[in-house]
Amino acid sequence: QVQLVESGGGLVKPGGSLRLSCAASGFTFSDFYMSWIRQAPGKGLEWVSYISSSSTYRNDADSVKGRFTISRDNAKNSLYLQMNSLRAEDTAVYYCARGSREPDYWGQGTLVTVSS
Amino acid sequence: DVVMTQSPLYLPVTLGQTASISCRSSQSLVYSDGNTYLNWFRQRPGQSPRRLIYKISNRDSGVPDRFSGSGSGTDFTLKISRVEAEDAGVYYCMQGTHWPPYTFGQGTKLEIK
């Protein structure tokens with residue numbers, strides 16, 4: 001069965017960095033676009049980034065452009081999100097999801113808290 | 001950004017009755033390939049979102065046929081017939097047609113009375 005397991009979240013100070021990982025299993029990872037989507041505490045869902053199956057295409061929301069970088073390693077069935085220059089408003093649960101236009105499977109999420 | 005507007009934001013429904021959620025987009029969601037990338041998700045407390053419907057009206061595997069999606073262009077509806085206790089949660093519509101970025105509605109909290 002499809003499984004997506006995020007890790008790497010935690011508490012970080014404003015201006016700091018964090019790298020999130022998502023381990024995928026149960027499907028041919030290299031066949032699928034992948035995405036990061038976040039949810040601030042008690043709020044709705046916000047798209048962050050997506051990446052094509054072979055990393056040819058990457059797109060970021062304006063709110064994270066220039067600060068976050070999505071990447072993947074198909075040999076390791078893993079998706080990553082490098083987050084730099086973190087701000088308080090980046091505090092959220094970060095979900096990895098399979099697909100982009102129609103994300104069908106989501107992980108359980110990892111919480112990132114940006115606070116001094 | 002394409003704005004997705006859901007209504008109502010809170011929907012109390014009696015067991016066995018029908019629930020209907022509206023989702024309107026600020027632009028047409030018809031993509032250049034002819035498809036309309038409109039999805040519906042449900043999120044239960046403490047859980048990640050689960051996709052229920054894609055391309056307006058296609059149910060995901062395991063989703064009861066009590067759930068149906070309809071609409072076109074900028075106006076979409078999720079209908080849940082014969083509401084059950086397990087249907088409680090927050091429902092989101094999401095457009096995957098226009099980037100940047102793909103966008104979600106604000107969410108509709110379905111409460112079962």
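Quick note: numbers below take in every heavy atom, side chains included, and nothing from hydrogens, waters or symmetry partners.
Atoms CD and OH, from B:Q43 and A:Y95 in turn, are 4.5 Å apart once rounded to the nearest 0.5 Å. The CH2 atom of A:W106 sits 13.5 Å away from atom CD of B:Q47, with the distance rounded to the nearest 0.5 Å. The structure places CG of B:L38 at 13.5 Å from CZ of A:R101, a figure rounded to the nearest 0.5 Å.
Among B:K55, B:R51, B:Q106, B:M94, the residue with the largest count of heavy-atom pairs under 4.5 Å with chain A is B:R51. In terms of non-hydrogen atom pairs under 4.5 Å with chain B, the most contact-rich of A:A97, A:S100, A:G109 is A:S100. With chain B as the partner, the residue from A:L45, A:D60, A:V93 showing the most heavy-atom pairs under 4.5 Å is A:L45.
Contacts of A:E46 with chain B are made by backbone atoms alone, with heavy-atom separations under 4.5 Å and no side-chain atom involved. Residue contact with chain A, scored on non-hydrogen atoms closer than 4.5 Å, involves the backbone of B:T97 exclusively. Of the atoms belonging to A:K65, not a single heavy atom falls under 4.5 Å from chain B.
Between A:Y50 and B:Y102, the ring planes are parallel. Angles under 30° get that label, and only those over 60° would be called perpendicular.
Under the 4.5 Å side-chain criterion, counting only non-hydrogen atoms from C-beta, A:W47 is not in contact with B:P100.
Between A:G44 and B:Y92, the closest heavy-atom pair is CA-OH, 3.8 Å.
B:V83 and B:V63 fall within the same hydrophobic cluster, defined by Ile, Leu, Val, Met, Phe, Trp and Tyr side-chain heavy atoms under 4.5 Å apart, directly or through other members. The cluster map of Ile, Leu, Val, Met, Phe, Trp and Tyr, joined by side-chain heavy atoms under 4.5 Å apart, puts B:I56 and B:W40 in the same cluster.
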request  = Could you please spell out the steps behind the side-chain contact (heavy atoms from CB on, under 4.5 Å) verdict for B:F104 and A:I37?
outcome  = CA-CA 11 Å; B:F104 295 86; A:I37 300 161; 4.0 Å; yes

